[in-house]
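Just below is one structure, and these are the notes that go with it.
Remember, it's a predicted structure, so these values are computed and weren't measured experimentally. A note on names: the letters A, B, ... follow the listed sequences, proteins ahead of strands, and every chain is numbered from 1.
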Number of protein chains: 4
Amino acid sequence: MPPEELTERRRREIADAAAITFAEQGYHATGIADIARRLGIGHGTFYRYFKNKRDILKFVLSEVTRRLGDVLASEDPTATTTVEEYRAQVVRIGEGLFELFTSEPAIARLFYVESVGADHEFSEQWLDAQAAYATVTARYLQNGVDRGFLPADLDIEVSARAVNGMIFAGLLAAVRGSAGDAAERERWVQGITRLMFTGIAGG
Amino acid sequence: MPPEELTERRRREIADAAAITFAEQGYHATGIADIARRLGIGHGTFYRYFKNKRDILKFVLSEVTRRLGDVLASEDPTATTTVEEYRAQVVRIGEGLFELFTSEPAIARLFYVESVGADHEFSEQWLDAQAAYATVTARYLQNGVDRGFLPADLDIEVSARAVNGMIFAGLLAAVRGSAGDAAERERWVQGITRLMFTGIAGG
Amino acid sequence: MPPEELTERRRREIADAAAITFAEQGYHATGIADIARRLGIGHGTFYRYFKNKRDILKFVLSEVTRRLGDVLASEDPTATTTVEEYRAQVVRIGEGLFELFTSEPAIARLFYVESVGADHEFSEQWLDAQAAYATVTARYLQNGVDRGFLPADLDIEVSARAVNGMIFAGLLAAVRGSAGDAAERERWVQGITRLMFTGIAGG
Amino acid sequence: MPPEELTERRRREIADAAAITFAEQGYHATGIADIARRLGIGHGTFYRYFKNKRDILKFVLSEVTRRLGDVLASEDPTATTTVEEYRAQVVRIGEGLFELFTSEPAIARLFYVESVGADHEFSEQWLDAQAAYATVTARYLQNGVDRGFLPADLDIEVSARAVNGMIFAGLLAAVRGSAGDAAERERWVQGITRLMFTGIAGG
DNA sequence: GATGAATGAGGTTTCATTCAT
DNA sequence: AATGAATGAAACCTCATTCAT
């Protein structure tokens, strides 16, 4: 294996261990020594691969963001022409997100809990990320309005936030592990999709 | 003023200062000395009113929880018999929540950001709180189903979470201060209520 | 005792302990813990009085500089009109410097040894200090030339450096403790003064 | 080239790089990695040629000492029979020393700054070296007294120290680079020699 | 009751040195 | 012989908490 790849592999190993430890103990309660101990390496080794403790959280979160981005990018916001198509798209995205978060619960916890208040800069980044995801969702809604399959008077910005909030709430269940099996996941996806498209009062 | 009340008043003062400081600098980045300095008291005095640093965050959060509870308790989940009545109720609750969070932005930030990952126990409490609020919302939904103005096949648990997620997302705007004036607030409340009752596709 | 004065007294105590420890073990080999242990205080206490390790060396050196300055300022460079007067002045200054350095050997060692290469900035400061002392000496020489009791063609800048170098060498003896008693001191002062005024070849 | 010689050549290369790096950054601020990087070698390689970090400073200083010794050994302390001859000798030695220190400023800095307080043992060695150089100078002075061209009552020990102090001060100028060109060097050598032989008051 | 000086556990980080490749 | 990944001792420094005044 080329040394460059080996380094990358090591970074990944350490990042994984860090993610799990952060998720288990919390970012602040985790010492570099805890991460190193989990891997059975000297804690000095950590600093060969990451600048400092912040750096690894940043790295781990960028990974999460990338993977979230991959799921979102797997669909084209302008590809749908009917509500049914869009709804199918939403289900696919929802299942992708659930898959991601339930397959690696540490990621969910990092994203929803540990990164939020780790420090001021992370907080801001987290809030920025929410805004960014709202923008993505808004693009889908805009497509619906443009195509005429969503009401022209839909408040896109507010609705995008609200839709994301629903998904957020659903995924949060993954943090507590209460969306583990396929049936449960299906229930969440269906429930949220229904609410999203027809509301609680809709049929 | 009786000494007991004086003590209570002092606790409140310290708690307020702490809340603002936590919101500004973050829980971990805030030192006891920072809080004391803001009040112009010796930092040893702090410990006459609170056991430790955790204790004050706990106290502040319990205040927030109490005030949130007050808003929610201002309505009766079983009092409504029609969708219109329930919708009016939701608007009232939403406006109460927005009022609370925008009138004291520090509270919003504490609730949404600082308390989330302060430490493992707070995280758990935060997740518990979400569950508790879902239970409250579920009671409203259950009432609707029982009364027949909401569909019988509504997945109450999932929907309650999703509804709260929408509200959560809306209130989050308050953290960034983008829901300051009355018009903006109205827009959020209306947008979210519409989505909640008729979905994005509904008229 | 007013608290301000108490703080000053404590700083002095810590500075003294630091000076001795630096002199005994060397600046880099000395840990904050060593200084604290010598005083029987917790090492955290150190940081109440000094920002960090560099800070205390800076403080101690500024003290040394101040005391050196006091000795030099005790004479007036322009007050003498004859070689004999100037020579008497030199003897007085020399004795003052010897007194200072032999009464507190730690000071001598700090000045000549520990501060020199502590870090790059200290090195530069040390070199600057040498230049500054040369300027002072030059003022005396200039007075001599102006008054006509020193040769008009004296290279003042070079001579000032050289004179200081002689004194430097003499005081260095104090570092090793070989100029402890009064007789020994007298020998150094006389020897250097003779060399300074008439050279090795002079009568 | 025989392997033994090759090793010696490599040691020299590393020592040169170390000397420059120490001079530029300071002994303590210099890491083995810095030296290795300058040479474009792996920092593990360093340890094939030197036992440890101290070892290389020791080696570099021994080189300096050797070269200083070469300059001093180029003259015979007992060869002179008149003041004029001795004075010429002093000028030659002085020029040799200036030549050495200005041609390689790193050496000057190492000798005067970095080695002084590197650690306790180096400090002692540095003080020892001063004593040793004083002994050499004393031999010249003793010769002058024995031959009758220096006063019989000259305090040889003190004067030797003082003379070296003057030279020390002069060479120090090289550290700051203010004795770079030939004219400047001549000025220093002449100024110091004059002071040494006839004092500031002498003609 | 109020204070702030004192404390030291605890955490981060560096870097000289080793050693398997 | 050369390398650089791994190591952990060792140092610095912060800050929540205690407690004598």
Side-chain angles (χ1 to χ4, degrees), chain A residues 3 6-7 9-11 14 27-37 39-56, chain B residues 3 6-7 10 14 27-37 39-56, chain C residues 3 6-7 9-11 14 27-37 39-56, chain D residues 3 6-7 10 14 27-37 39-56:
Chain A
L6 214 64
T7 294
R9 181 205 188 85
R10 207 78 154 100
R11 272 176 74 86
I14 294 174
Y27 174 70
H28 278 106
T30 297
I32 298 300
D34 296 320
I35 299 169
R37 202 176 308 118
L39 287 165
I41 63 173
H43 67 274
T45 305
F46 172 92
Y47 287 93
R48 290 189 57 74
Y49 295 91
F50 293 96
K51 204 158 41 103
N52 51 38
K53 194 175 156 184
R54 268 199 111 249
D55 194 39
I56 201 168
Chain B
L6 211 66
T7 294
R10 206 59 186 283
I14 294 174
Y27 174 70
H28 278 105
T30 296
I32 296 298
D34 296 321
I35 300 169
R37 203 176 307 120
L39 287 166
I41 63 171
H43 66 272
T45 307
F46 173 92
Y47 286 91
R48 300 199 63 76
Y49 295 92
F50 293 96
K51 204 161 41 124
N52 52 37
K53 191 178 164 183
R54 271 200 106 250
D55 196 37
I56 201 167
Chain C
L6 214 64
T7 294
R9 181 206 189 84
R10 207 76 155 98
R11 273 176 73 87
I14 295 173
Y27 174 70
H28 277 106
T30 296
I32 298 300
D34 297 320
I35 300 169
R37 203 176 307 118
L39 287 166
I41 63 173
H43 68 273
T45 305
F46 172 91
Y47 288 94
R48 289 189 57 73
Y49 294 92
F50 293 96
K51 204 158 41 97
N52 51 39
K53 195 176 156 184
R54 269 199 110 250
D55 195 37
I56 202 168
Chain D
L6 211 66
T7 294
R10 206 59 185 284
I14 295 173
Y27 175 70
H28 278 105
T30 296
I32 296 297
D34 296 320
I35 300 169
R37 202 176 308 119
L39 287 165
I41 64 172
H43 68 272
T45 307
F46 172 92
Y47 287 91
R48 301 199 62 76
Y49 294 91
F50 292 96
K51 203 159 44 114
N52 52 37
K53 192 179 164 182
R54 270 199 106 251
D55 196 36
I56 200 166

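- One axis for each end of the helix from E:dA2-F:dT21 to E:dT21-F:dA2, each built from five base pairs, and the angle between them comes to 0° at 10° resolution.
- Ranked by how close their nearest DNA chain F nucleotide is to the 5' end, A:G40 and D:I41 are led by D:I41.
- As rounded to whole Å, 16 Å separates atom C1' of E:dG4 from atom CG of B:L39.
- Contact between A:D55 and A:N52 at its shortest, heavy atoms only, is N-OD1, 2.9 Å.
- When side chains are defined from C-beta on, C:F46 does not count as touching C:L39, because their heavy atoms never get closer than 4.5 Å.
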Heavy-atom protein contacts under 4.0 Å, nucleotides 9-21 of chain F, coded B base, S sugar-phosphate only, - none: B--SBB-SBB---
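- Residues C:H28 and D:H28 come closest through the heavy atom pair ND1-ND1, 2.8 Å.
- Counting any heavy atom pair closer than 4.0 Å across all strands shown, A:F50 reaches no nucleic acid atom.
- Contact check for B:I41 versus B:R10: side-chain heavy atoms found under the 4.5 Å cut-off.
- Residue B:H43 comes nearest to B:A36 through the heavy atom pair CA-CB, 3.5 Å, listed as atom of the first residue, atom of the second, then distance.
- What separates CD1 of D:I35 from P of E:dC15 is a distance of 13 Å, to the nearest Å.
- Smallest separation of non-hydrogen atoms from C:I35 and C:I14: CG2-O, 4.2 Å.
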